[in-house]
Amino acid sequence: MAIGLLSSVGSIGAVSIPTAVGWLADKINLEIITMMIPLAVAMVMLHRSLVKYAPVEVDIAA
């Protein structure tokens, strides 16, 4: 159940961020799209830090 919940939350984030930026670009101007570059950098840094500190499980039976 937890995996399904986390997957749903991730999907909501994946849909809402580009939608919000597109809506802002439509209402304000296209210069708001440059906001995506720091967001992408932050997401890469967060991913690298999570992978770095993730526990590693080794399955010896396989």
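These numbers come from the heavy atoms of this one structure, side chains and all, not from hydrogens, waters or symmetry mates.
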Considering only distance and modelled atom types, tabulate donor-acceptor pairs under 3.5 Å from the side chains of residues 39-48, sequence neighbours left out.
none

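- Closest of all the heavy-atom pairs between P18 and G13 is CD-O, 4.3 Å.
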Under 3.5 Å, which donor-acceptor pairs link side chains of residues 23-30 to any protein atom two or more places apart or in another chain?
from : atom 1 : to  : atom 2 : distance (Å)
N29  : OD1    : E31 : N      : 3.2

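- Formation of a donor-acceptor pair under 3.5 Å by the S11 side chain with backbone atoms of S7 is found in this model.
- By the 4.5 Å side-chain criterion applied to Ile, Leu, Val, Met, Phe, Trp and Tyr, Y53 is assigned to no cluster and stands alone.
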